[in-house]
Amino acid sequence: MDILIWIMAGTLLPWFPLSWIFNKLLASAPGFWAQALAILVFPQLGLLLLIHSGAWQALPVGLDPNLRVIALFTAVFYAFRAASTREVQVWARLMTTSGLALTWLLHGQNLDPLILQSVALSWSIPGALMLVWAGLLKQRMGGAYLGLTGGLATVLPRLSALVTLTALAASATPIFPNFFILFYVVKALPLLWIPGGLLVLLLWGWAVGRFLQDLLFGIYRGELLEDLTVGGTWLGGLVLGLFAVGGIFWGAHG
Amino acid sequence: MEILTIITPFLLVLSAIIIFLFLRSKRRISARVSVIATLVTFFLSLVMLGYYVVAGHSQVVHIGIHWGSIWLDPLSLIMWVFVSGISLLVHMYSVRYMVEEPNYTRFFALLDLMTAIILFMVSAADLVTLLVTWFLVGVVLYFLLGHDTNRPAAGRYAFWTQITYRAGDLPLWFAAFVLIKTYHSISLPVIFTQIQINPHLHAFWGLSIPELVGFLLAFAAFARSAQFLLHGWLPYTMDGPTPVSALMHAGIVNAGGFLFNRFAPVFEYAGGALHMAFIVGLVTAIIGSAMMLIQNDVKRSLGYSTMGQMGFMVMECGVGAFPLAIFHLIAHGFFKGSMFLSAGNVIGEARAHDGVPPDSIYTAIVERRPAKPSRLPWLAAAALTILVPVAVLTLSHFFVSSELLYEQGVIILLFFGWVTGAQALFATHKMTHTNPWRLMGGILESFVLVVIGYTLISHYFSNFLYPHGVSQKLYAAASINAFAFDALVIFLAFLFVGGWVLTFFADSSGWWDHVDKGRWRGAYLSMYALLSRELYVNDIYARLTQLLLVFSHRLNILLRWC
């Protein structure tokens with residue numbers, strides 16, 4: 001029974017190789033709204049399963065190093081893969097998987113379940129938003145593949161701004177909560193493990209740098225596209241703004 | 001005064017938000033709001049510095065509960081005045097320079113945001129604030145450098161800068177975690193006090209905590225200040241708008257020198273890290289200066305000049321002359337800022353006048369000037385070149401702060417001053433002139449004034465920044481075995497003196513041309529080719545990145561993008 005719980009939890013709050021199933025499930029969801037919802041809900045279900053079955057608390061602290069290796073490997077592996085990805089939906093999935101894997105590193109910290117859930121949610125929110133923006137891009141361009149036309153910032157300034165801010169949030173840029181969560185997670189690691197945690201930060205920087213380069217720069221040579229409405233932009237901006245305020249709140253309370 | 005402390009950096013955050021949200025289509029008003037906010041910030045910074053000079057005590061102001069504290073000490077206040085001053089000049093210049101560019105208002109908002117973040121960074125009193133602002137400088141700089149989104153090159157070079165900065169963030173994060181885990185506090189004043197109480201706590205790999213942290217901080221500083229092997233991004237930042245280049249080269253790139261100074265209490269016990277900084281700085285100074293000499297693009301040349309200057313600044317930290325590094329970064333900041341902002345004029349001037357040196361026959365026949373202007377006798381020039389800088393530098397330091405003359409760091413700096421001064425005099429000697437004594441006299445007069453001014457200013461500056469004898473501790477930390485040091489200095493002095501005498505002799509007698517017969521031309525050309533390809537550093541990084549990306553792509557295909 002325990003094994004089954006761990007397998008289900010490892011699929012929903014992903015670690016490699018079960019993360020492959022997590023990504024496959026997300027990719028198979030019908031439509032971008034369903035994908036966004038799934039990326040928000042799956043990790044929460046995984047955490048609830050772990051906490052309410054008692055598996056999270058029952059795991060001996062002695063097993064932490066193994067858990068640490070798996071979680072760090074997953075985070076590094078998916079961040080590394082995100083660096084060569086130009087499809088926005090795939091990028092969002094890989095980056096979110098990388099971030100969510102770090103939640104496992106909080107085992108043994110005696111954290112309130114609500115805090116654990118908000119940690120997982122902080123990785124899911126930018127992922128979900130990015131999946132929505134990718135869906136909107138797909139509606140306009142027939143695909144959300146960056147780097148083919150270039151210069152989307154000129155033709156879709158509002159949508160590009162939201163995609164840019166979301167990508168920054170996903171890659172733990174201050175003042176979004178992910179920065180402070182990453183800080184907390186890496187701080188919880190033993191000293192010699194810290195470089196592993198920081199490698200994730202470097203790879204995210206690489207992934208987001210390449211992503212923005214393909215999104216923003218160049219001269220657009222495609223047909224004219226309809227940008228996001230002003231109302232939609234304000235709504236997206238408001239969600240990201242609230243998320244950033246959450247970061248300040250998180251940071252302020254350590 | 002606490003209210004003013006909070007208002008000063010937040011004013012520019014406020015102006016950035018106002019421009020972003022409400023003035024996006026109002027170009028002229030947004031520029032005015034931005035310039036006025038920067039002007040007020042500069043004025044407030046001056047007021048705060050003045051208040052410190054009168055009141056004479058540092059204070060920490062807490063804005064947030066857990067982090068977000070501001071440390072008003074001499075270092076922060078000097079940096080506030082410097083950063084806001086440079087930023088004000090850049091703002092005023094940008095009002096007209098950027099007027100025809102798209103996204104004019106966004107540019108000013110980002111400029112305000114960048115200035116505010118740097119102000120927070122240089123005054124951060126806790127590690128979280130320092131990490132947040134250190135990180136954000138890289139992010140905002142990316143968007144400033146990539147202002148012109150129509151140019152893929154701008155994006156590429158902005159990315160180079162961003163990823164180098166990110167690589168440099170990692171050792172700073174690691175250093176922060178080591179300090180937090182050891183001293184159980186994020187407050188910098190608390191951590192520094194604890195280091196003073198127990199400086200020899202053991203970390204690992206046989207290093208003490210200050211030594212380990214010192215090495216990590218030095219690496220973080222190297223990435224920010226474009227030290228050799230982490231320098232590839234700096235010359236290419238020229239692809240950004242000129243005001244951003246000015247801000248970048250006058251302010252942002254100096255962050256390494258600031259970091260050394262902020263963590264001076266750590267470096268008092270991290271001699272090994274200082275020795276490493278000296279070597280890295282020396283190599284960077286030499287390579288940066290060499291690359292500067294072969295550039296044919298005025299902005300790229302200024303970029304490499306900055307690299308050389310940053311090498312020298314890090315080297316100053318490496319010998320323990322921390323306040324001198326701050327003085328250097330301020331002087332270099334204003335100098336390089338003005339050079340960048342006038343680069344356009346220089347290009348315009350070059351278009352009007354080609355600047356090709358006059359031909360001697362043309363000069364004699366058409367301009368009716370003496371065909372063979374004279375030079376000083378080579379022995380007299382060699383004696384002046386070698387002896388005068390030694391005398392001027394030693395005497396000026398002796399009269400200002402004689403106790404420091406015995407510190408190894410000061411001796412090294414004097415040595416460099418001597419080499420630089422002598423080189424300037426040698427270059428003067430090579431210039432032909434109708435009255436060579438007058439020319440040499442003028443140069444010597446300027447040299448004496450510069451040295452005396454520099455000695456006096458750096459002395460008072462040291463006393464202001466480190467009033468409690470910290471300078472001596474830093475010099476002591478950077479020292480090596482006395483015998484080895486003396487032997488090295490004597491060897492180098494003989495090497496330089498011998499080299500100059502030989503050069504003077506060879507230059508005046510034509511002896512070298514007789515001996516060389518073009519045999520070394522191949523070596524010169526190879527060296528030139530190597531330098532013109534920037535020692536292949538960027539090519540190696542590009543190739544490595546390419547390989548990693550191919551591997552990442554193959555993994556994605558293997559796992560079907562899941």
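- Of the possible donor and acceptor atoms, one in the side chain of Arg93(A) sits under 3.5 Å from a partner among the backbone N and O of Trp561(B).
- Across Ala34(A) and Pro30(A), no two heavy atoms sit closer than the pair CB-O, 3.1 Å.
- For a residue to count as touching a neighbouring chain, one of its non-hydrogen atoms must lie under 4.5 Å from one of that chain's; by this rule Trp91(A) does not touch chain B.
- For Arg166(B) (side chain) and Gly138(B) (main-chain N/O), no donor-acceptor pair under 3.5 Å exists by modelled atom type.
- For Phe174(B), the parts lying near chain A are the backbone and the side chain together; criterion is any non-hydrogen pair under 4.5 Å.
- Ranking Val90(A), Asn23(A), Leu201(A) against chain B, the residue ahead of the rest is Leu201(A), based on heavy-atom pairs under 4.5 Å.
- Of the two parts of Thr545(B), the backbone and the side chain both hold a non-hydrogen atom closer than 4.5 Å to a non-hydrogen atom of chain A.
- Ring geometry, Phe177(B) versus Phe183(A): the interplanar angle falls from 30° to 60°, so the pair is classed tilted.
- Side-chain atoms of Ser552(B) do not come within 3.5 Å of backbone N or O of Leu548(B) as any donor-acceptor pair.
- Only the side chain of Phe77(A) comes within contact range of chain B, judged by heavy atoms closer than 4.5 Å.
- Tyr541(B) places a side-chain N or O within donor-acceptor distance of the main-chain N or O of Leu229(B), the cut-off being under 3.5 Å.
- Ranked by non-hydrogen atom pairs under 4.5 Å with chain B, the options Leu26(A), Val208(A), Leu94(A), Val186(A) are led by Val186(A).
- Interface summary for chain A: among Val132(B), Ile186(B), Ile163(B), Asn556(B), the most heavy-atom pairs under 4.5 angstrom belong to Asn556(B).
- If you measure heavy-atom distances from Leu559(B) to chain A, the contacts under 4.5 Å come from both the backbone and the side chain.
- Contact of Asp148(B) with chain A is made through the backbone alone, with heavy-atom distances under 4.5 Å.
- When atom types are taken as modelled, the side chain of Ser160(A) and the backbone of Leu152(A) share a donor-acceptor pair closer than 3.5 angstrom.
- Heavy atoms closer than 4.5 Å to chain B are found in the side chain of Thr154(A), but not in its backbone.
- Ring geometry for Tyr104(B) against Phe108(B) counts as perpendicular: the plane angle is over 60°, on a 0 to 90° scale with 30° as the lower cut.
- Contact tally against chain B (heavy-atom pairs below 4.5 Å) for Thr85(A), Leu168(A), Asp214(A), Leu191(A): the top residue is Leu191(A).
- Checking side-chain atoms of Asp126(B) against main-chain N and O of Ser69(B) turns up a donor-acceptor pair under 3.5 Å.
- At a 4.5 Å heavy-atom cutoff, the contact between Val139(B) and chain A is made by side-chain atoms alone.
- Residue contact with chain B, scored on non-hydrogen atoms closer than 4.5 Å, involves the side chain of Tyr78(A) exclusively.
- For Ser19(A) (side chain) and Pro14(A) (main-chain N/O), no donor-acceptor pair under 3.5 Å exists by modelled atom type.
- Among the residues in residues 110-120 of chain B, none has a non-hydrogen atom closer than 4.5 angstrom to a non-hydrogen atom of chain A.
- Using modelled atom types and a 3.5 Å distance limit, the side chains of Gln546(B) and Arg543(B) yield a donor-acceptor pair.
- Of the two parts of Leu131(B), the backbone and the side chain both hold a non-hydrogen atom closer than 4.5 Å to a non-hydrogen atom of chain A.
- Side-chain N or O atoms of Thr74(A) include one that pairs as donor or acceptor with a backbone N or O of Phe16(A) at under 3.5 Å.
- In this structure, chain B has a heavy atom under 4.5 Å from the side chain of Thr164(A), while its backbone stays farther away.
- No donor-acceptor pair under 3.5 Å is formed between the side chain of Thr166(A) and the backbone N or O of Pro126(A).
- Contact count versus chain B (heavy atoms, under 4.5 Å) is highest, among Leu199(A), Leu189(A), Thr97(A), for Leu189(A).
- Rounding to the nearest 0.5 Å gives a distance of 6.5 Å between NZ of Lys24(A) and CZ of Arg560(B).
- Between the side chain of Asp227(A) and the backbone N or O of Leu159(A), at least one donor-acceptor pair lies under 3.5 Å.
- The aromatic rings of His147(B) and Phe107(B) stand perpendicular to each other, their planes meeting at an angle above 60°, with 30° marking the opposite boundary.
- Contacts with chain B were tallied for Gly151(A), Pro157(A), Pro195(A); Pro195(A) has the most, counting heavy-atom pairs under 4.5 Å.
- With chain B as partner, the option from Ala82(A), Gly197(A), Gly205(A) having the largest number of non-hydrogen pairs under 4.5 angstrom is Gly205(A).
- Neither the backbone nor the side chain of Tyr165(B) comes within contact range of chain A; no heavy atom of the residue lies under 4.5 Å from a heavy atom of that chain.
- At a 4.5 Å heavy-atom cutoff, the contact between Leu192(A) and chain B is made by side-chain atoms alone.
- For Ala207(A), no part lies under 4.5 angstrom from a heavy atom of chain B.
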